[in-house]
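These notes concern the structure reproduced below.
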Amino acid sequence: MSQRRSGNRTQNNQSQSPKETVDTQEVANEVVRYLICRTGDHLIISKAELNRNVIHKSGGNYNKIIEKAQDILRNVYGYNLILCDKGNSKEKYYILSTILPYIKDSSETEENLDDIHRVLILLVLSHIFMSNNNVSDTSLYAFLNNCGIDVTLKHPLFGQVKDYINKVMVKEQYLIVEIDSITKKSIFKWGMRAEKEISKMAVLNFVCEMYKNKQPEKWVEQHKAAKEQPYENYVLGSSEQKG
């Protein structure tokens, strides 16, 4: 009788394996739905938040679930799920970045707002990068003013530029803003989304075009930083530019 019971227990344990696989896939589907809903406005999702709200009941299958979710996001939705460190914090954060190129509809007659703002993002990040990733708000606004963009006025294309920089770009993690302890000025640096999405080599090439015929290698520190940047998911530029 004991042997029969033991055999039944073994059969029951074996029959649980398929269900565990199904559960892992179901949780991965829930992760995908959660991420797409939460990152619609380019928000970041902490690893702790994702674990707390979606994956907490999955036992020790966290990595397997994330891998399945990454496959779904990449192959079905055209997103890359990227794990990031936020500054000096030990916390890990995820961002969703599109891997699909933007294709303008031939019926579109007005300028795409995202494209317009991408130009502004490129200008801002270019100045910060060429200033060794550390500029004051005064320096940044003066640079934009030299480009014909007065941040104190509503721009006909970019709108309220100062608000976009300090609110949207910071919120979407294109920028990190810190307060200098001595001058009390705002200091801007590249945020983690910029680090993962924007090719520094492409930015350097853009700057060289502005200076006309100046080679990227002439900017020694910036060229070194661009070559050392790890490839993640460049929206601007590609791995081919990292030569």
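Quantities reported herein were computed from a predicted structural model and do not represent experimental measurements.
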Among side-chain atoms of Asn53 and Tyr34, is any donor-acceptor pair under 3.5 angstrom?
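Note: Asn53 and Tyr34 side chains meet the donor-acceptor criterion.
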Taking every non-hydrogen atom, the tightest pair across [X] and [Y]:
{"X": "Asn133", "Y": "Lys189", "answer": "O-CG, 3.2 Å"}
{"X": "Val177", "Y": "Ser186", "answer": "CG2-CB, 3.8 Å"}
{"X": "Asp180", "Y": "Thr183", "answer": "OD1-N, 2.8 Å"}
{"X": "Asp137", "Y": "Lys185", "answer": "OD1-CB, 3.9 Å"}

Indicate, with yes or no, if [Y] and [X] share a hydrophobic cluster defined by side-chain heavy-atom contacts under 4.5 Å among Ile, Leu, Val, Met, Phe, Trp and Tyr.
{"X": "Tyr141", "Y": "Ile179", "answer": "no"}
{"X": "Val76", "Y": "Ile66", "answer": "yes"}
{"X": "Met169", "Y": "Ile187", "answer": "no"}
{"X": "Leu153", "Y": "Leu144", "answer": "no"}

Answer yes or no: is there a side-chain heavy-atom contact under 4.5 Å between [X] and [Y]?
{"X": "Gln173", "Y": "Ile95", "value": "no"}
{"X": "Val31", "Y": "Leu73", "value": "no"}
{"X": "Lys47", "Y": "Tyr62", "value": "yes"}
{"X": "Lys68", "Y": "Gln25", "value": "yes"}
{"X": "Ile65", "Y": "Val54", "value": "no"}
{"X": "His155", "Y": "Tyr164", "value": "no"}
{"X": "Phe143", "Y": "Val124", "value": "no"}
{"X": "Tyr77", "Y": "Ile72", "value": "yes"}

Is there a donor-acceptor contact under 3.5 Å from the side chain of [X] to the main chain of [Y]?
{"X": "Ser126", "Y": "Leu122", "result": "yes"}
{"X": "Asn166", "Y": "Lys162", "result": "yes"}
{"X": "Gln222", "Y": "Met130", "result": "yes"}

Interatomic distance, [X] atom [atom1] to [Y] atom [atom2] [nearest 0.5 angstrom]:
{"X": "Ile55", "Y": "Asn61", "atom1": "CD1", "atom2": "CG", "answer": "10.0 Å"}
{"X": "Glu197", "Y": "Leu125", "atom1": "CD", "atom2": "CG", "answer": "10.5 Å"}
{"X": "Glu217", "Y": "Cys208", "atom1": "CD", "atom2": "SG", "answer": "8.0 Å"}
{"X": "Leu50", "Y": "Ile45", "atom1": "CG", "atom2": "CD1", "answer": "7.5 Å"}
{"X": "Phe188", "Y": "Asn134", "atom1": "CZ", "atom2": "CG", "answer": "11.5 Å"}
{"X": "Arg193", "Y": "Cys84", "atom1": "CZ", "atom2": "SG", "answer": "8.0 Å"}

Self-check item: Candidate pair Asn145 and Thr152, rule side chain to side chain contact (heavy atoms under 4.5 Å, CB included), full reasoning
Solution: CA-CA 10 Å; Asn145 190 60; Thr152 64; over 6 Å; no
For this session: Begin with the C-alpha distance, continue with both residues' side-chain angles, and end with the deciding distance and a verdict on side chain to side chain contact (heavy atoms under 4.5 Å, CB included) for Lys200 and Glu195.
Result: CA-CA 8 Å; Lys200 291 178 179 177; Glu195 291 284 353; 3.2 Å; yes
Do the two ring centres, one from Phe129 and one from Trp219, sit under 6.0 Å apart? no
Next on the checklist: Using side chain to side chain contact (heavy atoms under 4.5 Å, CB included), reason through Ser97 and Lys196 one step at a time and then give a plain yes or no.
Outcome noted: CA-CA 9 Å; Ser97 181; Lys196 300 297 183 180; over 6 Å; no
What's the verdict on side chain to side chain contact (heavy atoms under 4.5 Å, CB included) for Val32 and Glu30, showing C-alpha distance, side-chain angles and the deciding distance? CA-CA 5 Å; Val32 170; Glu30 290 180 17; over 6 Å; no
